[in-house]
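Notes follow once the structure below has been shown.
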Protein chains: 4
Amino acid sequence: MYQVDLNADLGESFGSYTIGLDSEVTKHVSSANIACGWHAGDPMVLDATLALAKERGIAVGAHPGYPDLMGFGRRNMACSPDEIKNYVTYQLGAFAAFAKVHGLEIQHVKAHGAMYNTAGKDLKQALAITRAVHDFDPNICLLALAGSKMVDAAAELGMKCASEFFADRGYEEDGSLVARTKEGAMISDENQAIERVIRVVREGKVRAVTGNDIAVRCDSVCVHGDNAHAVAFVKTIRERLTAEGIEVCPFGAFV
Amino acid sequence: MYQVDLNADLGESFGSYTIGLDSEVTKHVSSANIACGWHAGDPMVLDATLALAKERGIAVGAHPGYPDLMGFGRRNMACSPDEIKNYVTYQLGAFAAFAKVHGLEIQHVKAHGAMYNTAGKDLKQALAITRAVHDFDPNICLLALAGSKMVDAAAELGMKCASEFFADRGYEEDGSLVARTKEGAMISDENQAIERVIRVVREGKVRAVTGNDIAVRCDSVCVHGDNAHAVAFVKTIRERLTAEGIEVCPFGAFV
Amino acid sequence: MYQVDLNADLGESFGSYTIGLDSEVTKHVSSANIACGWHAGDPMVLDATLALAKERGIAVGAHPGYPDLMGFGRRNMACSPDEIKNYVTYQLGAFAAFAKVHGLEIQHVKAHGAMYNTAGKDLKQALAITRAVHDFDPNICLLALAGSKMVDAAAELGMKCASEFFADRGYEEDGSLVARTKEGAMISDENQAIERVIRVVREGKVRAVTGNDIAVRCDSVCVHGDNAHAVAFVKTIRERLTAEGIEVCPFGAFV
Amino acid sequence: MYQVDLNADLGESFGSYTIGLDSEVTKHVSSANIACGWHAGDPMVLDATLALAKERGIAVGAHPGYPDLMGFGRRNMACSPDEIKNYVTYQLGAFAAFAKVHGLEIQHVKAHGAMYNTAGKDLKQALAITRAVHDFDPNICLLALAGSKMVDAAAELGMKCASEFFADRGYEEDGSLVARTKEGAMISDENQAIERVIRVVREGKVRAVTGNDIAVRCDSVCVHGDNAHAVAFVKTIRERLTAEGIEVCPFGAFV
């Protein structure tokens, strides 16, 4: 039987500021990447988000980012590998305390935003993140862009790594995402996006922007819970996957 | 044989900013309270400080504070008990990750600055801190002002608590510290300060500002490593205690 | 002819986080208190908010707060008067730069949240804020709770000060607001709230929670733009005031 | 008569953290670049630093940086030109308020650290900084690396710009600094460094790392006040320049 995970970023609210329909999207995803208080999130939000994840029975992971709340962790920062390693250790530890208090296992770590993008292309940054997770707990799984340097880094340190697929993004023939500035970057047709997910799960293939099929691994599909439309899409994709006989479950069950 | 601990605040540097002669004072103290990145400290500093503590063979504890780097955690903030609990969980978790990576046990948690002072007088705040530590790991010891509400809170939740004595501060008859605005607040004579420590360790008594003796428990003496003079005092007090047959060791060994 | 100002807090968004229906509420208020980047707001938001205020033709003021983004400036912080003075100077200067770039005059300064409340009761804090504004530009008007220490501080330094009235709050006989924990703290009936505003503008009187009338000055009514309901109330109160022959205009025109 | 300015970064302390021997170095420099509270500095430090600069009679400028206190503004951040413009407006405004309160004119703006380096090579970033200064006050002078994109940006917007020379850095033939990773990056011999300054002031020439002379403009020499050795060097260079008949004075007097 085919299996796939649906993951979304959660716990991105901060103080009096709210982002994300966490209470809704957690009804449909199987894994949550939870902000750790640097690019988003705070201790009150961490506590509430882990309580919610527990109530919904979904798997949880830490979602560390750059120390840039004003930029929501989306701007690249020229941090050294040593800084990245310690920044991830710090955020993972803070997250782990709340997971422990709520009696939850840590399924994974997924870097956020610019840290995710940089680590996908730069092996040193990828190794810094992976080393931080490894030294904290070698049983935690990484969640990374399929085919990226993070996957290589995980392999190098003997860590498990789940491959992430983007339903709404075009792929180059080399397996990288089509840059947002180029044509074909976004798959705006929702039905087509869902068909691509079903195919990548069953066949491990996706049609690249060039028109040729390429092999892509998909353990988890990245979805969003920012607004009502995004949540409706998550509900739909889950229903379609289930109807197609594909089980939606945390990737920790099969990676 | 008499035993007592000497504790100092460490890891208070931040980014390019340095505070404290950590490398020196760790030669003389037996326990370190390590800042967790909110009122002071950062992930690079945490990493370096735990490596140093391990090298010196001293016991370590988390030293959480208010989210006020600009005020060094010394200004009271009207946080709710729920906020305090989650703030301590967050900082303790971050600290714990570095302790784990360095293979160190967490001996204790000591609140910093204004959080320490408030929790010493306000049972709700004291319980919030104690609850956070308890839920994370009930075997961690608290370190608190002798006779304070933190001691009561630890007892209420069945947690171990070491009592802290201030060598350079005068005491009221009720066991509280003489307010800094009043005469007798500071014991400026170093020899007298050391004599007070020796006596409180041996007899559990100190001469209050009124002239009468009072009972005070002393498991650990708070010392400082901010400047060369302070470090010299720590070296002297340790030598004097040792010469008097009092063993200086982490309080985790005897509390 | 009677005149009154309607003021609302604006520019409270931060980075990717949005608070407030600024674009809507600015259609109805006459003055905006604009966050300065400490408890809320950031440079991008300041720029956009001043552009919006200019487009709407409303008067603007700086809205400085404590350095506590996580608590939205609503938690008291034990800052010294010297700290408060310099914090206000800093925020007022940052605000003033954007006002200058957009060609707008600074009508006023209103402290935010816990800083507003503290300064309303503590003359030293009130003088610290007033002194900061005075030394920057003695022609800027203060906006403060009617009858509060801020009004006294402004008088002491020879500064103009507009008195603020809360439409939805009950008043004690001494002119202070009924504490939120007590009965009569909130005026939930919107029609009654509007009637109180009309009366206080015309007669300078309001019925206190005791049932007796008291004298209260009202140059400006504090309204909110957080949600659609709040904005609808602002629209209604403006229409009612206008229908009653009371002109809604920036208080700078008549204070 | 030859004239040159000596400039140093000041006001980099933060809260309880001290950096720089400001009280000493201000005896020898003619201009101060004062941190604005983002990468370093805070309102208390700004106030004290401007009071000190006034007492010493030296010229002052704003020294804005990236929002990265932990990295002291030395790490590149991928901010957009719009963000840079507003970040500079914000910091310049905050600085300007303290300058106004102390009755000081703003001589200049010099970007800090990574912002300085990026703007030196990237015309868009350089224009963003220059535009912010221009829109705030077109009479403020920029201080920038000789021959850099900041000089071009200032010319493009019709702003004055002083050219900065580094006494202790090697130069490539194109006028850029030798990268720190390459041989010849640093001029460690202090006498040689001073001779280079004297020559560049008199002849507008410096010997490049290749051995050939190149033309370099020098309105101001960047010096440091971080430690006693650095301050001693500043004292020496000032004495040598004076002995050579070169007047040390704020560049605002001759640019």
Side-chain angles (χ1 to χ4, degrees), chain A residues 8-22 25 33-49 63-77 90-91 94-95 97-98 111-117 180 222 224-230, chain C residues 8-22 25 33-49 63-77 90-91 94-95 97-98 111-117 180 222 224-230:
Chain A
D9 297 350
L10 293 189
E12 294 184 326
S13 295
F14 179 86
S16 295
Y17 296 99
T18 301
I19 281 188
L21 302 170
D22 289 11
V25 77
N33 320 305
I34 298 176
C36 303
W38 279 38
H39 71 277
D42 69 32
M44 298 297 279
V45 172
L46 270 163
D47 187 52
T49 307
H63 195 45
Y66 287 130
D68 180 22
L69 183 67
M70 207 187 288
F72 207 64
R74 287 176 177 154
R75 304 186 290 204
N76 204 36
M77 286 184 74
Y90 186 95
Q91 295 179 66
F95 172 81
F98 288 95
H112 171 81
M115 190 188 276
Y116 179 95
N117 293 333
R180 285 180 188 270
C222 181
H224 304 285
D226 311 64
N227 53 61
H229 182 80
Chain C
D9 297 350
L10 292 189
E12 295 184 325
S13 295
F14 180 86
S16 295
Y17 296 97
T18 301
I19 282 188
L21 302 172
D22 289 11
V25 78
N33 320 305
I34 299 177
C36 302
W38 278 39
H39 71 276
D42 68 33
M44 299 296 279
V45 172
L46 269 163
D47 188 52
T49 307
H63 195 44
Y66 286 130
D68 180 23
L69 184 65
M70 205 187 287
F72 207 64
R74 287 176 178 153
R75 304 187 288 205
N76 204 36
M77 285 183 74
Y90 186 95
Q91 296 179 65
F95 172 81
F98 288 94
H112 171 82
M115 190 189 276
Y116 179 95
N117 293 335
R180 285 180 188 272
C222 182
H224 305 285
D226 311 63
N227 54 60
H229 183 81

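All values below were derived from every heavy atom in this structure, side-chain atoms included, with hydrogens, water molecules and symmetry-related copies excluded. Below, read A as the first sequence line, B as the second, and so on, with proteins coming before strands; counting in each chain starts at 1.
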Inset, instruction - Please tell me if the side chains of C:I34 and C:F98 come closer than 4.5 Å, counting only heavy atoms from C-beta onward. - result: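 With C-beta onward as the side chain, the pair stays apart.
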Inset, instruction - Find out whether C:L46 and C:F95 are in side-chain contact, i.e. whether some heavy atom of one side chain is under 4.5 Å from a heavy atom of the other. - result: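 Touching, per the 4.5 Å side-chain cut-off.
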Listing needed: what donor-acceptor pairs below 3.5 Å join chain C with chain A?
residue : atom : partner : partner atom : Å
C:E12   : O    : A:Y17   : OH           : 2.6
C:Y17   : OH   : A:E12   : O            : 2.6

Inset, instruction - Taking all heavy atoms of C:P64 and all of C:C36, pick out the closest pair and write down the distance. - result: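 Minimum heavy-atom separation between C:P64 and C:C36: N-SG, 4.1 Å.
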Inset, instruction - Please report the shortest heavy-atom distance between A:G11 and A:A35, naming the atom on each side. - result: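 So the two residues come closest at O-CB, 3.4 Å.
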Legend entry - Spacing of CD1 belonging to A:I19 relative to CG belonging to A:L10, to within rounding of 0.5 Å: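 It is 12.5 Å, given to the nearest 0.5 Å.
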